[in-house]
Asker: 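One structure coming up, written as structure tokens, with questions to follow.
Values in this document were obtained by computation on a predicted structure and should not be read as measured data. Naming: A, B, ... by sequence-line order, numbering from 1 per chain.
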2 protein chains.
Amino acid sequence: MEIEQAFGNVLRKVRLEKSLSQEELAHLCELDRTYISLLERGKRKPTINTIFALATGLNVLPSNLV
Amino acid sequence: MEIEQAFGNVLRKVRLEKSLSQEELAHLCELDRTYISLLERGKRKPTINTIFALATGLNVLPSNLV
DNA sequence: TTGTAGACTACTGTCGACA
DNA sequence: ATGTCGACAGTAGTCTACA
């Protein structure tokens, strides 16, 4: 409960910089909106595939999220 | 079946550069040896925590593995 | 030293609904 | 627009054992 919290913080920060709602990001990533919410609050640990999907949706490098 | 394969390739490359066996790495990361084997062959998708554990055991940056 | 198999637990990720 | 809940299927990760 620390790595995933840090990840969630970065995720939210980048998402807001892009002025996207959780729902818009979810659609871009083809992930569930409620799951984005869980991730941003550090309640879930994404797999590497999910990290890549998020990075693609956010138009940043995956390494930029870790 | 592509992202995880690429990850597995990087993992094996870095591990061999450090001259570690799968078993030694597993011990350093506190992960299972057979699981390292699965990862290197792209049969499993690690979570972000696992990526950090591997990076720590390999003494590289997590972003270096993605 | 590594791959593989099978069985198992825990958790990721989805979905519908409501505040 | 976001948080949360409960239920669910699929899979991450462990462990023992054998080639």
Side-chain angles (χ1 to χ4, degrees):
Chain A
M1 288 300 235
E2 185 177 316
I3 289 173
E4 56 265 37
Q5 184 56 258
F7 178 83
N9 294 340
V10 172
L11 177 59
R12 174 160 294 180
K13 184 166 176 290
V14 175
R15 176 177 65 81
L16 292 178
E17 285 171 0
K18 306 281 179 173
S19 300
L20 294 170
S21 68
Q22 290 181 353
E23 192 153 356
E24 289 167 330
L25 176 57
H27 186 254
L28 288 172
C29 301
E30 296 180 311
L31 289 172
D32 197 79
R33 176 190 72 76
T34 64
Y35 182 53
I36 305 283
S37 175
L38 289 169
L39 283 177
E40 289 192 352
R41 285 174 297 119
K43 301 290 187 181
R44 285 290 192 281
K45 304 166 191 176
T47 63
I48 193 168
N49 277 338
T50 303
I51 294 171
F52 272 71
L54 289 165
T56 302
L58 287 167
N59 200 33
V60 297
L61 292 176
S63 58
N64 220 314
L65 295 177
V66 302
Chain B
M1 288 300 234
E2 187 178 314
I3 289 174
E4 56 265 36
Q5 185 57 257
F7 177 83
N9 293 340
V10 172
L11 177 59
R12 174 160 294 182
K13 183 165 176 291
V14 175
R15 176 176 65 80
L16 291 178
E17 284 171 0
K18 305 280 179 173
S19 299
L20 294 170
S21 68
Q22 290 181 352
E23 191 154 356
E24 289 167 330
L25 176 57
H27 187 254
L28 288 171
C29 301
E30 294 180 311
L31 290 171
D32 197 79
R33 176 189 72 77
T34 63
Y35 182 53
I36 304 283
S37 175
L38 289 169
L39 283 177
E40 288 191 353
R41 284 173 300 118
K43 300 291 187 182
R44 285 291 191 280
K45 305 165 190 175
T47 64
I48 192 168
N49 278 332
T50 302
I51 294 171
F52 272 71
L54 289 165
T56 301
L58 287 168
N59 200 33
V60 297
L61 290 176
S63 58
N64 220 313
L65 295 177
V66 302

Asker: If you look only at pairs with a residue in residues 29-39 of chain B, which of them pass as a salt bridge (Lys or Arg N to Asp or Glu O under 4.0 Å), with sequence neighbours excluded?
Answerer: none
Asker: Using the side-chain heavy atoms of B:Glu23, tell me which of these nucleotides is nearest: C:dG3, D:dG3, C:dT1.
Answerer: C:dT1
Asker: What is the separation between atom CD1 on A:Ile51 and atom C1' on D:dA12, rounded to the nearest whole Å?
Answerer: 14 Å
Asker: What pairs with B:Val60 under side-chain contact (heavy atoms from CB on, under 4.5 Å), at least two apart in sequence or on another chain?
Answerer: B:Val14, B:Lys18, B:Ala55, B:Leu58, B:Asn64, B:Leu65
Asker: For B:Leu25 and C:dG3, give me the distance from atom CG to atom P, rounded to whole Å.
Answerer: 13 Å
Asker: For DNA chain C, find the residues of residues 10-22 of chain B with a heavy-atom distance under 4.0 Å and give them by number; none if there aren't any.
Answerer: B:Arg12, B:Arg15, B:Ser21, B:Gln22
Asker: Is a side-chain donor-acceptor pair under 3.5 Å present for A:Ser37 with A:Thr34?
Answerer: no
Asker: Heavy atoms within less than 4.0 Å of DNA chain C: which residues of residues 59-66 of chain A have one? Give them sorted by number.
Answerer: none
Asker: If you assign each of B:Ile36 and A:Arg33 to its closest nucleotide in DNA chain C, which residue comes earlier from the 5' end?
Answerer: B:Ile36
Asker: Indicate for each nucleotide in nucleotides 7-12 of chain C, in 5' to 3' sequence, whether protein heavy atoms under 4.0 Å reach the base (B), only the sugar-phosphate (S), or nothing (-).
Answerer: -----B
Asker: Applying side-chain contact (heavy atoms from CB on, under 4.5 Å), can you list everything that pairs with A:Thr56, at least two apart in sequence or on another chain?
Answerer: none
Asker: If you check the B:Asp32 side chain, which of C:dG3, D:dC15, D:dG3 turns out closest?
Answerer: D:dC15
Asker: Atom CG of A:Leu38 to atom C1' of D:dT2: distance rounded to whole Å?
Answerer: 11 Å
